[in-house]
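Structure first, then comments.
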Amino acid sequence: MPHTVGAADLLGFVAATTEAHGVPSADARLLADTLVTAELWGHPSHGMLRLPWYLSRIESGATSAVAAPEIVTDNGAVLVVDGRDGLGQVLTDRAVTWGVERARQHGISAVAVRNSGHFGTAAYFTRKAAEQGCVALLATNASPAMAPWGGREKRIGTNPWSIAAPGGRHGTVVMDIANTAVARGKIYHARERGAPIPEGWAADIDGVPTTDPRRAIEGLILPMAGHKGYAISFMFDVLAGVLTGSAFGSSVVGPYHPTGRSGVGHLLICVDIRSMADPAEFEARMEALIEETKSTPAAPGTAEILVPGEPEIRTAERLRTEGITVVDDTWAALTRIADATAVPLPAPASTPAPTPEELPA
């Protein structure tokens, strides 16, 4: 039976168990916040499911518990940083700090991070930059998941990316997508739940379409929009891997492997809105775009038009009250972590949240 816990209690558990692995307190809390935020946004594929992966990599030495990034080149608006195998979340959070500071100085900035690790949900970081007055684009690469268009071996990562911008009174608008039909974590989450995946998500190792998440993990994730998804993913590997001086293509190691240097690269581009427009005018124009979009007549079966990032915020508002539901397999993994670190598991929430199957479609 799934377990439902409060967000604050879950955050405290993740932070404490991560700190028990030698990660500094502030960095442990950052990692915890990224995972709990993903859960609150309704993306468990990037939440608690990943904690055992990250901790296993720290235990093996593949990821350094204490991030010690080194500046490779500094050209003012352009900064290249060697992450030296630190936690991807910690390195990317620092990249946001540097990127916003330099965008304010130069109007635009680019921060390249090499030799990092998986950073979780890209929108977590672009939102931070947007909240500080920037339009931000963050690209990263990932271990092979899809075959090149026309191929039958996986050589290209999902290579997700995110763009965020201030939306005036509507808050931040943000998109965060992988270039595959679905993020790989959603297939892992389906396996954790013992549920089939939809048709069109993946193929098995022989290239035959499958709805079995286990076969999908062994096989191929299909690109979004056919050849277009493959092309976009390839070019983001150029930006995040080749250009940054990090690993690329089949040399990137995913977070679910407990050993091996990850070699993930990130590229963050920040544009200071004040360098292009009056911030108040920009926000007014964004509000007009959002309102025009949301006023579109809805198609049959659609209750309301939403803009990018809006579903996550609404889900978070609900789950902060109801609690976060963790499926059995993931809870068992958290139990093993609790036993190993002597950190108590979070207590059940007072009001159980509905399981995903109980939620309305």
Side-chain angles (χ1 to χ4, degrees), residues 45-46 50 53-54 57 60 62-64 69 72-73 80-89 91-92 95 110-122 137-162 176-188 201-207 215-269:
S45 57
H46 287 66
R50 295 176 180 262
W53 300 352
Y54 294 138
R57 289 186 58 78
S60 74
T63 297
S64 298
V72 179
T73 59
V80 180
V81 178
D82 189 331
R84 300 173 64 191
D85 304 315
L87 279 165
Q89 289 85 348
L91 297 171
T92 308
V111 180
V113 181
R114 64 177 63 157
N115 299 324
S116 181
H118 188 276
F119 59 38
T121 307
L137 183 152
L138 175 61
T140 189
N141 60 3
S143 58
M146 75 166 94
W149 189 248
R152 58 187 178 88
E153 281 188 8
K154 51 187 174 187
R155 300 286 177 87
I156 307 292
T158 59
N159 301 347
W161 53 296
S162 173
D176 181 352
I177 60 171
N179 299 306
T180 39
V182 64
R184 179 165 23 201
K186 293 187 183 298
I187 296 178
Y188 277 95
W201 276 18
D204 65 18
I205 197 168
D206 296 316
R215 291 189 176 187
I217 290 169
E218 296 170 354
L220 305 168
I221 304 178
L222 300 177
M224 70 170 185
H227 66 281
K228 297 178 182 179
Y230 152 64
I232 294 171
S233 203
F234 180 93
M235 295 309 298
F236 273 115
D237 206 3
V238 172
L239 293 179
V242 179
L243 182 61
T244 65
S246 202
F248 54 86
S250 58
S251 60
V252 179
V253 175
Y256 36 83
H257 290 297
T259 60
R261 296 190 69 188
S262 181
V264 170
H266 320 306
L267 182 66
L268 173 69
I269 298 173

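Worth knowing before you read on, the calculation uses all heavy atoms, side chains too, and leaves out hydrogens, waters and symmetry mates.
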Can you name the ring-ring contact (aromatic ring centres under 6.0 Å, His included) partners of [X], sequence neighbours left out?
X: Tyr230; value: none
X: His266; value: Phe119
X: Phe248; value: none

Listed partners of Asp85 passing salt bridge (Lys or Arg N to Asp or Glu O under 4.0 Å), at least two apart: Arg261

Just to verify, what does Arg152 make a salt bridge (Lys or Arg N to Asp or Glu O under 4.0 Å) with, not counting sequence neighbours? none

Exam field: side chain [X] to backbone [Y], donor-acceptor pair closer than 3.5 Å:
X: Ser233; Y: Gly157; value: yes
X: Thr140; Y: Gly265; value: yes
X: Ser60; Y: Pro258; value: yes
X: Thr92; Y: Gly88; value: yes

Closest approach of [X] to [Y] (non-hydrogen atoms, all atoms of both residues):
X: Gly86; Y: Leu91; answer: O-CD1, 3.7 Å
X: Tyr54; Y: Pro255; answer: CE2-CB, 4.1 Å
X: Val113; Y: Ala95; answer: CG2-CB, 4.1 Å
X: Val252; Y: Pro144; answer: O-CD, 3.7 Å
X: Ala147; Y: Gly151; answer: CB-O, 3.5 Å

No-hydrogen, no-angle side-chain donor-acceptor test under 3.5 Å, [X] and [Y]:
X: Asn159; Y: Asn141; value: no
X: Ser262; Y: Arg57; value: no
X: Arg50; Y: His118; value: yes
X: Asn179; Y: Trp161; value: yes

Is there a side-chain contact between [X] and [Y] in this structure, where contact means two heavy atoms from C-beta onward sitting under 4.5 Å apart?
X: Trp53; Y: His257; value: no
X: Ser143; Y: Val253; value: no
X: Val72; Y: Arg114; value: yes
X: Arg84; Y: Ser116; value: no
X: Thr121; Y: His46; value: yes

Return the [atom1] to [atom2] distance between [X] and [Y], rounded to the nearest 0.5 Å.
X: Ile221; Y: Ile187; atom1: CD1; atom2: CD1; value: 4.0 Å
X: Phe236; Y: Leu137; atom1: CZ; atom2: CG; value: 5.5 Å
X: Asp206; Y: Leu220; atom1: CG; atom2: CG; value: 9.5 Å
X: Thr158; Y: Met146; atom1: OG1; atom2: CE; value: 7.0 Å
X: Leu87; Y: Thr63; atom1: CG; atom2: OG1; value: 6.0 Å

Side-chain donor-acceptor pairs of residues 238-245 under 3.5 Å, sequence neighbours excluded:
from: Thr244; atom 1: OG1; to: Ala240; atom 2: O; distance (Å): 2.6
from: Thr244; atom 1: OG1; to: Gly241; atom 2: O; distance (Å): 3.2
from: Thr244; atom 1: OG1; to: Ser246; atom 2: N; distance (Å): 3.4

Taking the six-membered ring for Trp, are Phe234 and Trp149 closer than 6.0 Å centroid to centroid? no

Counting only heavy atoms not in Ile177, do more than 12 fall under 6.0 Å of its CD1? yes

